[in-house]
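What follows is a single structure, written as structure tokens, with notes after it.
Numbers for residues simply follow the sequence, beginning at 1.
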Amino acid sequence: KYEARVMDERSQLMANRHGGDFVDSGEISIAAPMPGLVADILVQVGQQVAKGDTLLILESMKMQNEIKSPREGTVQRVSVEIGESVEQKRLMITLV
């Protein structure tokens with residue numbers, strides 16, 4: 001017998017935000033889980049972040065979604081600006 005769990009990309013992202021498996025080293029890209037508007041960016045390049053820290057706020061369908069860090073790291077690149085509209089899967093932040 002085998003047990004399997006099938007998840008779409010959004011479900012995987014949400015699971016990862018709540019303690020899913022992420023590699024502890026190397027570069028990781030944080031992409032938009034849904035289309036929306038960047039309401040606020042709470043980090044800047046070079047800033048150290050801990051697992052679970054809020055990186056930015058993405059507004060979608062009149063709801064504000066906190067995009068959190070999946071692990072500890074340093075912000076290498078912020079690829080969006082406040083007020084910018086983003087499509088699903090758009091690269092927003094890169095951590096190392």
What are the two closest non-hydrogen atoms of [X] and [Y], and how far apart are they?
X     : Y     : answer
Ile41 : Val80 : CD1-O, 3.4 Å
Gln76 : Val45 : O-CG1, 3.6 Å
Gly83 : Leu37 : O-CD1, 3.0 Å
Thr54 : Glu66 : OG1-OE1, 3.5 Å
Pro70 : Ile28 : CG-CD1, 3.6 Å
Gly36 : Leu58 : C-CD1, 3.9 Å

Point to revise | Common cluster, Leu55/Val78, ILVMFWY with side-chain heavy-atom separation under 4.5 Å | key: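 Leu55 and Val78: one cluster.
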
Practice item. Report yes or no: does Ser60 contribute a side-chain atom to a donor-acceptor pair with the main-chain N or O of Pro35 at less than 3.5 Å? Key: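 Yes.
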
**Study point:** Approximate separation, where rounding is to 0.5 Å, of Ile82 CD1 and Leu42 CG
**Key:**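 Going from the CD1 atom of Ile82 to the CG atom of Leu42 covers 8.0 Å.
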
**Study point:** Rounded distance (nearest 0.5 Å) linking atom CE of Met63 with atom CD1 of Ile57
**Key:**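 The CD1 atom of Ile57 is 12.0 Å from CE of Met63, to the nearest 0.5 Å.
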
Practice item. Report the C-alpha separation of Ser69 and Lys51 in whole Å, then their side-chain angles, then the decisive distance to 0.1 Å, and conclude whether the side chain to side chain donor-acceptor pair (under 3.5 Å) test is met. Key: CA-CA 5 Å; Ser69 176; Lys51 181 178 180 177; over 6 Å; no

Exercise for review: Can you tell me which residue pairs pass the side-chain hydrogen bond (donor to acceptor under 3.5 Å, both in side chains) test with a partner in residues 29-44, sequence neighbours excluded?
Suggested key: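 Listed once each, the pairs would be none.
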
Would you tabulate the side-chain donor-acceptor contacts of residues 88-96 under 3.5 Å, counting partners in other chains and residues two or more places apart, or write 'none'?
from	atom 1	to	atom 2	distance (Å)
Gln88	NE2	Pro33	O	3.3
Lys89	NZ	Glu9	OE1	3.4
Arg90	NH1	Glu84	OE2	2.6
Arg90	NH2	Ser79	O	2.8
Arg90	NH2	Glu84	OE2	3.3
Thr94	OG1	Arg77	NH2	3.4

Review point. Under the side-chain contact (heavy atoms from CB on, under 4.5 Å) criterion, do Lys68 and Asp53 qualify, and how do the steps go?
Key: CA-CA 5 Å; Lys68 298 184 180 280; Asp53 284 354; over 6 Å; no

